[in-house]
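What follows is a set of notes on a single structure, which appears directly below.
For the numbers below, each heavy atom of this structure counts, side chains included, while hydrogens, waters and symmetry mates do not. Residue numbers start from 1 in every chain, and the chains themselves are labelled A, B, ... in the order their sequence lines are given, proteins ahead of strands. The structure presented is a predicted model; accordingly, all values stated were derived computationally and were not measured.
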Protein chains: 2
Amino acid sequence: MRPPAIPPKCGQCVLYTDSRMFCAQLADDEQVELSGQSRTLSMKRGDTLGDSAISCWPIVAVDSGVLSLQHLLQDGRKTITTLFMKGDIIDLRDLSNRNRGALIALGNVKICRLSPKIFEQVVANNPKAQKIVWHNLRDQAFRAIDHSADIAKKQALEKVASFVIECHHRQDTEPKNSHLVKIPLRRIDLAEYLGMQPETVSRCFKTLQKRGILEAKSLNLLHIIDDLRLQRIANGEKEPEIPKSPNAQVLKSA
Amino acid sequence: MRPPAIPPKCGQCVLYTDSRMFCAQLADDEQVELSGQSRTLSMKRGDTLGDSAISCWPIVAVDSGVLSLQHLLQDGRKTITTLFMKGDIIDLRDLSNRNRGALIALGNVKICRLSPKIFEQVVANNPKAQKIVWHNLRDQAFRAIDHSADIAKKQALEKVASFVIECHHRQDTEPKNSHLVKIPLRRIDLAEYLGMQPETVSRCFKTLQKRGILEAKSLNLLHIIDDLRLQRIANGEKEPEIPKSPNAQVLKSA
DNA sequence: CGGCAAGTTGAGCCAGGTCAACTCCGGTGG
DNA sequence: CCACCGGAGTTGACCTGGCTCAACTTGCCG
């Protein structure tokens with residue numbers, strides 16, 4: 001089909017096979033050149049790209065899995081600030097002055113580290129590729145903005161509800177109408193991402209189940225039973241509280 | 001100097017006069033064309049660009065002042081998610097599926113709404129301009145990420161300290177060595193940005209003053225006395241607590 | 001089957017939210 | 001020039017959501 005040999009390592013990568021993604025928009029010669037100067041890498045849970053790795057290879061494209069960006073404060077508190085998933089292109093060039101953080105895999109992750117030089121060159125010359133990469137970056141920015149809004153003003157239950165919805169939204173390949181959501185992180189990581197404690201996360205999932213909004217197929221696989229109420233909660237509408245003891249009625253009028 | 005008449009409205013705008021910014025990198029004919037298709041606008045506190053304004057003019061460049069992006073939840077809770085300041089270029093194209101928010105001025109703000117068509121054209125053809133706008137977007141993304149980290153894990157005092165430092169950092173023109181910081185928002189807006197209550201913000205500033213770290217020249221003008229300790233607090237190091245009553249010593253060993 | 005990490009449950013406590021009262025300040029009009 | 005007003009900011013007292021700590025259960029891997 002495509003005359004110049006496409007490097008075998010690219011043949012399976014979503015960035016190449018999915019037409020909405022970056023590499024799929026490259027001309028053959030661009031693809032060959034970029035590929036030749038790039039390095040794929042498989043990571044497993046806990047594998048880290050630290051400062052040194054990042055300054056060598058500051059541009060990372062995610063093929064599959066969930067990669068997190070983590071910050072650390074002096075006293076050991078850790079936060080997961082962003083989740084990168086397939087198709088995201090992470091540009092960490094010249095972050096010198098910022099106290100960034102490390103890229104840490106939350107499961108099995110496949111990435112491709114792109115040569116900054118070729119990347120830049122391609123972006124400058126290929127408008128279609130440029131558009132995709134621009135769109136992706138904008139997406140990252142707005143996700144971060146949304147996330148900070150969630151974290152700032154929502155309470156625990158609302159955050160968890162929002163997260164479930166976002167997961168459903170960003171869901172891998174599945175058609176959207178499926179009511180199944182896979183949570184692609186451990187509870188602990190989720191807690192760090194949402195800025196809360198694992199205990200609290202656990203309690204929130206419990207509450208959503210008790211109210212008949214979610215059903216747990218397994219720890220990380222949920223069935224959304226009542227989409228509407230889930231969205232209401234995520235948006236901060238208070239549900240009429242279910243009184244804790246069934247006979248302790250709340251009487252409005254005396 | 002520049003032969004084709006530069007539109008007078010651009011002559012005073014930082015985007016044009018500061019060589020590190022977008023319009024300064026345009027060729028004369030690009031500048032004339034972009035300018036011709038763009039609209040400047042002066043806003044005062046509370047002025048809002050809502051959904052309709054944004055969908056007409058989705059690209060906004062900030063000349064001066066502080067512009068905020070605000071989210072709203074059902075029950076009226078409001079959050080300021082991002083602060084845009086001079087030089088920022090905000091690209092709000094096709095946000096259809098997101099429950100974005102409005103751009104609201106927090107003081108006097110001058111903006112320029114750019115024609116998406118010409119903007120895109122310029123970005124595609126002018127690599128220098130492209131680089132600037134790319135860098136700016138990346139900056140916005142990382143600011144959002146940092147902000148969400150701050151909000152997620154820091155406690156009130158730490159957030160305020162971080163904010164003061166960030167202000168100092170992004171400070172208008174001042175040389176960095178000046179120890180004066182201007183807070184360019186009202187307390188209420190600051191509270192909304194940091195995800196806390198105005199009362200709490202007030203108490204935090206008070207604490208920083210009592211500890212001799214800041215001194216208030218006026219409400220919005222601060223003198224940083226102890227830069228180091230301010231940074232320590234912002235990074236989550238606990239200060240040895242000053243016991244409230246001076247004779248109630250904390251004894252480690254019995 | 002044993003060992004360890006992840007997840008859950010319960011009890012108690014505190015940072016910060018909430019509410020109400022008060023002060024401060026800039027603008028307005030008599 | 002002063003009295004008045006309204007919104008912003010501050011202060012104090014109280015209350016609660018979610019953090020903490022500790023004990024327990026579950027699930028996974030060798």
* Structure fact -> Ranking B:Arg187 and A:Lys154 by the position along DNA chain D of their nearest nucleotide, the one closer to 5' is B:Arg187
Let me check something: any side-chain donor-acceptor pairs from residues 185-205 of chain A under 3.5 Å, sequence neighbours excluded? List them with distances.
| unit_1 | atom_1 | unit_2 | atom_2 | d |
| --- | --- | --- | --- | --- |
| A:Arg186 | NE | A:Asp189 | OD2 | 3.1 |
| A:Arg186 | NH2 | A:Asp189 | OD1 | 3.4 |
| A:Arg186 | NH2 | A:Asp189 | OD2 | 3.4 |
| A:Arg187 | NH2 | A:Leu219 | O | 3.1 |

* To do: Determine, stepwise, if the pair A:His71 / B:Ile145 fulfils side-chain contact (heavy atoms from CB on, under 4.5 Å).
  => CA-CA 10 Å; A:His71 279 217; B:Ile145 286 174; 4.2 Å; yes
* Gap between atoms CG and P, on B:Leu219 and D:dG7 respectively (whole Å) -> 18 Å
* With the side chain counted from C-beta on, respond yes when B:Leu157 and B:Arg211 share a heavy-atom pair under 4.5 Å apart, and no when they do not. => yes
* Asked: What distance separates A:Gln70 CD from A:Leu103 CG, expressed to the nearest 0.5 Å?
  -> 9.0 Å
Taking only nitrogen or oxygen atoms into account, show me every contact under 3.5 Å that the protein makes with nucleotides 28-30 of chain D, one pair per line with its distance.
none

* To do: Return the value, rounded to whole Å, for the distance between atom CZ of A:Arg77 and atom P of D:dC19.
  => 12 Å
* To do: Taking side chain to side chain donor-acceptor pair (under 3.5 Å) as the test, write out the residues that go with B:Thr82, two or more places apart.
  => none
* Asked: With sequence neighbours left out, what residues match B:Asp226 under salt bridge (charged side-chain N to carboxylate O under 4.0 Å, His left out)?
  -> B:Arg229
* Asked: Where each residue is assigned the nucleotide of DNA chain D containing its nearest heavy atom, which of B:Arg186 and A:Lys159 is assigned the position nearer the 5′ end?
  -> B:Arg186
* Structure fact -> B:Arg138 meets the salt bridge (charged side-chain N to carboxylate O under 4.0 Å, His left out) criterion, sequence neighbours left out, with A:Asp91, A:Asp94
* Output all residues satisfying salt bridge (charged side-chain N to carboxylate O under 4.0 Å, His left out) with A:Glu166, sequence neighbours left out; order by chain, then residue number. => A:Arg170
* Asked: If only atom types and distance count, is the side chain of B:Lys110 paired as donor or acceptor with the main-chain N or O of B:Gly65 below 3.5 Å?
  -> no
* Does anyone know the first and last nucleotide of DNA chain C in reach of chain A, 5' to 3', at under 4.0 angstrom to a heavy atom? -> C:dA6 to C:dA11
* To do: Mind running a 4.0 Å heavy-atom check of residues 193-209 of chain B against DNA chain D and sending the residues that fall below it, in number order?
  => B:Glu199, B:Ser202, B:Arg203, B:Lys206
* Asked: Between A:Lys153 (side chain) and B:Lys78 (backbone), is there a donor-acceptor pair under 3.5 Å?
  -> yes
In residues 41-49 of chain B, what donor-acceptor pairs under 3.5 Å come from side-chain atoms, sequence neighbours left out?
| unit_1 | atom_1 | unit_2 | atom_2 | d |
| --- | --- | --- | --- | --- |
| B:Asp47 | OD2 | B:Lys44 | N | 2.8 |
| B:Thr48 | OG1 | B:Gly46 | O | 3.0 |

* Listed by chain and number, what are the side-chain contact (heavy atoms from CB on, under 4.5 Å) partners of B:Thr17, not counting sequence neighbours? -> B:Val14
* Just report the end-to-end axis angle for the helix from C:dC1-D:dG30 to C:dG30-D:dC1, five pairs per end, to 10 degrees. => 40°
* Rounded to the nearest angstrom, tell me the gap between atom CD in A:Gln155 and atom C1' in D:dT16. => 11 Å
* Whole angstrom is fine here: how far is it from CG in B:Leu222 over to P in D:dG9? => 13 Å
* Structure fact -> Contacts of B:Asp18 meeting salt bridge (charged side-chain N to carboxylate O under 4.0 Å, His left out) (sequence neighbours excluded), chain-then-number -> B:Arg20
